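Owing to the predicted nature of the structure, the values given are computational and were not obtained by experimental measurement.
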Amino acid sequence: MPNVVNLKAIQSEKATYRFTYESDFFEHKDNSLVSGGKLDVLLDVVENKAENVFNVHLSIDGYVVTQCDRCLAELKCPVHTQPDVQVKFGDENDDDEDIVIVNEREGMLEVDNLVYDYAVLSIPIHPIHPEGECDEAMMQRLNQFLVDQE
Ligand SMILES: [Zn+2]
């Protein structure tokens, strides 16, 4: 079951939700960049009735598992990010990058893709182990034909 927040059911000015994501969540994603991880997510929703939007604050903490660019072994990348997102009801085909559009009839904010996208954004462009922590056996295999390197 995907994690959702029923925006229409929120009664108070501010509502807070907690979600956890384990490795199975990442294993089922169609993206070879992330092979596992564990994330704790706190999500606050504050409704701004005057402007007809929901201000959503996410706090995502944990790690994702990706591949080291140098030795190709698994690498844990820490994730600590606090993105703010605006959510409003509307036609889901509206294409606005800064605002998440939620179908008004259903009123369900899908949390999974938001969390996944922000977690992936936390991965460095060239993820590598700290110096000396690469998989030695793997490095030797990769470098066995290397004769010179500046
Ligand atoms: Zn490495």
Side-chain angles (χ1 to χ4, degrees), residues 1-135 137-139 141-142:
M1 282 290 285
N3 289 320
V4 294
V5 170
N6 184 353
L7 295 172
K8 294 215 270 193
I10 294 174
Q11 303 288 338
S12 54
E13 217 165 274
K14 177 180 169 183
T16 302
Y17 300 82
R18 179 189 291 277
F19 304 98
T20 47
Y21 291 89
E22 308 275 349
S23 272
D24 59 338
F25 170 66
F26 300 98
E27 283 159 10
H28 292 126
K29 282 279 181 187
D30 239 7
N31 182 339
S32 58
L33 197 63
V34 180
S35 57
K38 184 174 186 336
L39 297 173
D40 289 309
V41 178
L42 275 178
L43 185 154
D44 291 329
V45 183
V46 177
E47 186 172 7
N48 180 341
K49 285 203 161 105
E51 294 186 29
N52 248 323
V53 297
F54 295 89
N55 292 310
V56 175
H57 177 76
L58 288 150
S59 178
I60 306 171
D61 288 289
Y63 65 87
V64 291
V65 179
T66 185
Q67 193 180 45
C68 172
D69 266 0
R70 194 159 51 196
C71 70
L72 307 183
E74 282 193 347
L75 171 66
K76 275 187 187 180
C77 291
V79 176
H80 300 287
T81 183
Q82 277 92 37
D84 289 301
V85 185
Q86 283 209 318
V87 179
K88 71 173 188 183
F89 291 135
D91 181 347
E92 280 182 275
N93 294 321
D94 278 358
D95 205 13
D96 189 330
E97 285 197 2
D98 300 320
I99 297 186
V100 176
I101 305 294
V102 167
N103 183 296
E104 180 153 20
R105 200 157 35 82
E106 294 162 3
M108 297 292 177
L109 171 64
E110 288 178 20
V111 179
D112 296 357
N113 286 338
L114 276 181
V115 169
Y116 186 79
D117 288 348
Y118 283 112
V120 168
L121 280 177
S122 306
I123 301 173
I125 295 169
H126 292 295
I128 52 169
H129 289 108
E131 206 59 52
E133 288 179 29
C134 275
D135 185 322
M138 196 86 99
M139 292 284 280
R141 249 178 57 209
L142 290 169

Pairwise side-chain contact, [X] with [Y], heavy-atom cut-off 4.5 Å (strictly under):
{"X": "V64", "Y": "V120", "result": "no"}
{"X": "L43", "Y": "V115", "result": "no"}
{"X": "Y118", "Y": "V85", "result": "yes"}
{"X": "I60", "Y": "Y21", "result": "no"}
{"X": "N6", "Y": "V4", "result": "no"}
{"X": "K88", "Y": "I101", "result": "yes"}
{"X": "T81", "Y": "L121", "result": "no"}

Given 3.5 Å as the limit, does a donor-acceptor pair link the side chain of [X] with the main chain of [Y], or not?
{"X": "T66", "Y": "L33", "value": "yes"}
{"X": "N3", "Y": "D112", "value": "no"}
{"X": "Q67", "Y": "L72", "value": "yes"}

Which distance, rounded to the nearest 0.5 Å, do you find between the [atom1] of [X] and the [atom2] of [Y]?
{"X": "E104", "Y": "K8", "atom1": "CD", "atom2": "NZ", "value": "6.0 Å"}
{"X": "T20", "Y": "K38", "atom1": "OG1", "atom2": "NZ", "value": "6.0 Å"}
{"X": "C71", "Y": "M138", "atom1": "SG", "atom2": "CE", "value": "6.0 Å"}

Under 3.5 Å, which donor-acceptor pairs link side chains of residues 73-80 to any protein atom two or more places apart or in another chain?
unit_1 : atom_1 : unit_2 : atom_2 : d
H80    : ND1    : D61    : OD1    : 2.6

Identify each donor-acceptor pair in which a side-chain atom of residues 48-58 lies under 3.5 Å from a protein atom, sequence neighbours left out, and give them as a table.
unit_1 : atom_1 : unit_2 : atom_2 : d
N48    : OD1    : A50    : N      : 3.3
N48    : OD1    : E51    : N      : 3.2
N55    : OD1    : Q86    : NE2    : 3.0
H57    : ND1    : D84    : OD1    : 2.7

Original post:
For L39 and F25, what are the C-alpha separation, side-chain angles and deciding distance, and is it a side-chain contact (heavy atoms from CB on, under 4.5 Å)?
Top reply: CA-CA 10 Å; L39 297 173; F25 170 66; 5.8 Å; no
Original post:
Which atom names give the shortest non-hydrogen contact between D69 and I125, and what distance separates them?
Top reply: OD2-O, 4.1 Å
Original post:
If every non-hydrogen atom of R70 is compared with every non-hydrogen atom of H129, which pair is closest and at what distance?
Top reply: NH2-O, 3.0 Å
**OP:** Anything under 30° is parallel, anything over 60° is perpendicular, the rest tilted; go ahead and classify F19 against Y17.
**Re:** parallel
Original post:
Can D44 and T16 be counted as having a side-chain donor-acceptor contact under 3.5 angstrom?
Top reply: yes
